[in-house]
A.B. asks: 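I have a structure here, written as structure tokens, and I will follow up with some questions on it.
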There are 2 protein chains.
Amino acid sequence: MAKKDETDDVSLWERLERPAAAPRASLSAGRIADVAIGIADREGFAAVTMRKVAAELGVAPMAAYRHVNGKDELWALMIDRVSGELAPGDGISGWRETLRAYALRTREMMLRHPWLAHMPAPLFALTPTRMAAAERQLASLDGLGLDVDTMMAAFRAVNAYVHGATQSEAALRQYMEEQGWQSADETRRGLAPQMSYLMETGRYPTYRRYTRGAARKDDAAWQFETGLDCVLDGVAGLVERGRA
Amino acid sequence: MAKKDETDDVSLWERLERPAAAPRASLSAGRIADVAIGIADREGFAAVTMRKVAAELGVAPMAAYRHVNGKDELWALMIDRVSGELAPGDGISGWRETLRAYALRTREMMLRHPWLAHMPAPLFALTPTRMAAAERQLASLDGLGLDVDTMMAAFRAVNAYVHGATQSEAALRQYMEEQGWQSADETRRGLAPQMSYLMETGRYPTYRRYTRGAARKDDAAWQFETGLDCVLDGVAGLVERGRA
DNA sequence: GCGTGGTGTGTACGGCGTATACCGATCGGT
DNA sequence: ACCGATCGGTATACGCCGTACACACCACGC
């Protein structure tokens with residue numbers, strides 16, 4: 001009965017909040033997730049293997065399955081753990097400041113853990129730590145005269161932008177690391193063989209003008225914040241119209 | 001010499017544009033990619049296997065490797081093929097109409113092919129068909145008084161939003177399909193065990209209010225377009241300031 | 001007629017996720 | 001103080017995966 005069936009039936013998160021349940025265990029879902037996060041940070045998403053996690057814990061490959069139902073659940077745990085880095089400090093007030101702070105911290109988190117870009121997206125919604133972040137952002141939009149649908153749409157718009165923008169930035173960084181490229185120039189040199197064929201077709205004149213003449217081409221933070229402020233300006237419009 | 005080394009050295013895209021190179025082959029990179037896309041559409045991202053693709057082509061597992069360097073290259077091909085569905089029809093004019101049309105079509109494309117959400121992001125940048133879409137969107141922002149950096153930032157902002165928003169929508173749909181849930185109500189019922197524990201903690205009052213009282217909770221198109229118009233409003237601000 | 005090179009095949013290797021059966025230690029009830 | 005139940009970790013095994021490598025075939029230019 002007890003634990004095995006519990007692992008099947010009860011929500012992962014409910015199980016997690018009963019630390020007293022297993023005092024004589026050397027493993028725990030938290031330790032497993034931490035080791036997995038370490039591997040992912042150091043060696044990339046694909047290197048996270050049930051067997052490698054177990055090895056790093058000095059334990060047989062199957063041992064982890066007593067605490068985690070499978071790889072999917074491990075992923076959910078990794079996301080939840082790492083999302084603890086999201087909560088911004090005190091002293092922020094107002095919806096714009098709140099959403100902006102979360103956006104910046106989300107970007108930092110995803111750049112610190114580039115493997116997040118590979119995670120199946122639905123997992124992102126349902127972990128408790130992520131829900132807490134969502135709650136705080138939603139609450140900052142409360143009381144401005146918006147209906148709940150519009151509040152949620154605004155929240156989602158900002159977060160969709162942040163995820164989309166940071167995913168491509170993180171994935172590029174990770175790709176650079178895999179290839180051993182250290183700088184933007186080195187990357188351009190590495191990508192040149194692929195790129196030059198495309199550019200020489202003459203089909204992409206505007207794009208070409210950008211690669212030649214842009215001043216902020218390598219300033220990822222500027223690009224991110226410029227886009228972010230666009231989205232926040234749009235939300236501000238929504239808020240004004242809602243207030244009226 | 002010839003083909004094997006060529007497969008290693010020359011860009012995939014350059015190879016593709018020489019159809020005359022191999023007249024007596026029964027396979028081709030295009031056919032392989034099409035079959036792979038079919039499998040991904042029907043059975044999901046994880047079901048795309050070199051072996052399964054080969055089987056569907058009635059060919060030995062290793063045969064595909066004569067035309068495609070490995071699974072990564074197959075992915076790039078799949079993305080490029082499917083991106084042909086992006087180009088919007090005629091009769092659109094102005095940056096806002098152009099960006100909006102691409103956004104809507106990108107969403108439709110990603111919902112038609114939910115496996116796109118699982119693709120490593122850098123591949124998205126460098127395929128010829130995607131570059132063509134980028135070029136057309138960038139060109140629509142040209143001549144408005146924006147510098148190239150700002151043009152690119154605006155383009156990226158819209159596309160980041162579109163990808164982020166549609167990824168989570170597509171991933172949710174795919175998850176529903178995996179679970180056999182057909183409707184929004186069925187999904188809520190299926191998610192309830194996970195959800196109710198979280199909600200009953202009382203930590204997410206605003207979120208709870210949304211799940212109870214929202215009118216457009218299941219209108220994904222409305223949510224997408226509301227967010228999209230936010231972002232476009234933000235870009236409009238950028239354009240106005242650039243014009244001044 | 002014959003080498004040559006492009007195309008598909010067969011075999012094999014190492015790694016993966018995980019089902020299943022197992023074993024010793026520990027605990028609750030008596 | 002005992003004893004079954006249960007829990008944490010183990011050992012073994014299966015069927016899949018991507019792909020390296022050596023080989024067989026066939027069409028062609030000479």
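Letters go in sequence order (proteins before strands), and every chain restarts at 1. It should be emphasised that the depicted structure is a prediction, and the values quoted were computed from it without experimental measurement.
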A.B. asks: Any non-hydrogen side-chain atom of A/Leu77 less than 4.5 Å from a side-chain atom of A/Leu16?
C.D. replies: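 Heavy-atom side-chain distance check passes, below 4.5 Å.
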A.B. asks: Rounded to whole angstroms, how far apart are CD1 on B/Ile32 and C1' on C/dG8?
C.D. replies: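 In whole Å, C/dG8 C1' lies 11 Å from B/Ile32 CD1.
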A.B. asks: CD of A/Glu73 versus P of C/dG17: gap in Å, rounded?
C.D. replies: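 Atom-to-atom, A/Glu73 to C/dG17, this comes out as 15 Å.
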A.B. asks: In whole angstrom, what separates B/Lys52's NZ from D/dG15's P?
C.D. replies: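 Atom NZ in B/Lys52 sits about 17 Å away from atom P in D/dG15.
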A.B. asks: Measure CG/A/Asn69 against C1'/C/dG17 and give the value in whole Å, please.
C.D. replies: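 Nearest whole value for this atom pair: 13 Å.
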A.B. asks: What's the CE-C1' distance between B/Met62 and D/dA22, to the nearest Å?
C.D. replies: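 After rounding, the gap between these two atoms is 11 Å.
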A.B. asks: Could you state the atom-to-atom distance from NZ of A/Lys71 to P of C/dA19 in whole Å?
C.D. replies: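 Roughly 14 Å, once rounded to whole Å.
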A.B. asks: Does B/Gly58 or A/Pro61 map to a spot on DNA chain C nearer the 5' end, using the closest nucleotide for each?
C.D. replies: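 Comparing both residues, the 5'-ward one is B/Gly58.
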A.B. asks: OP1 or OP2 of C/dG8 less than 4.0 angstrom from a side-chain nitrogen or oxygen of B/Ser26, does that happen here?
C.D. replies: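 For C/dG8, OP1 or OP2 has a side-chain N or O of B/Ser26 closer than 4.0 Å.
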A.B. asks: Could you work out which one of C/dG17, C/dG8, D/dT10 sits closest to the side chain of B/Val59?
C.D. replies: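 Selected nucleotide: C/dG8.
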A.B. asks: Rounded to whole angstrom units, what separation is found between the CG atom of A/Leu57 and the P atom of D/dG8?
C.D. replies: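 One finds 15 Å between P of D/dG8 and CG of A/Leu57, rounded.
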A.B. asks: Between B/Gly70 and A/Ala63, which has a closest nucleotide on DNA chain D that is more 5'?
C.D. replies: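 Nearest-nucleotide comparison on DNA chain D picks A/Ala63.
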A.B. asks: With a cut-off of less than 4.0 Å, is there a side-chain N or O of B/His67 near OP1 or OP2 of C/dG8?
C.D. replies: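 Checking C/dG8 against B/His67, a side-chain N or O does come within under 4.0 Å of OP1 or OP2.
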A.B. asks: Which of parallel (below 30°), tilted (30 to 60°) and perpendicular (above 60°) describes B/His118 and B/Phe45?
C.D. replies: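 Rings of B/His118 and B/Phe45: parallel, as their planes differ by under 30°.
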A.B. asks: Mind checking whether B/Gln182 and B/Met176 have side chains closer than 4.5 Å, heavy atoms only?
C.D. replies: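 Not in contact.
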A.B. asks: Are A/Tyr210 and A/Tyr204, when compared by the centres of their aromatic rings, separated by less than 6.0 Å?
C.D. replies: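 Distance test on ring centres: not under 6.0 Å, no.
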A.B. asks: For a quick check under 3.5 Å, do B/Gln223 and B/Arg216 share a side-chain donor-acceptor pair by atom type?
C.D. replies: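 Absent: no donor and acceptor within the cut-off.
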A.B. asks: Does the C/dG15 base have a donor-acceptor partner in the side chain of A/Arg51 within less than 3.5 Å?
C.D. replies: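 Counting by modelled atom types and ignoring angles, no donor-acceptor contact under 3.5 Å is found here.
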A.B. asks: Just how far, in rounded Å, is C1' of D/dC14 from CE of A/Met50?
C.D. replies: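 The answer, rounded to whole Å, is 17 Å.
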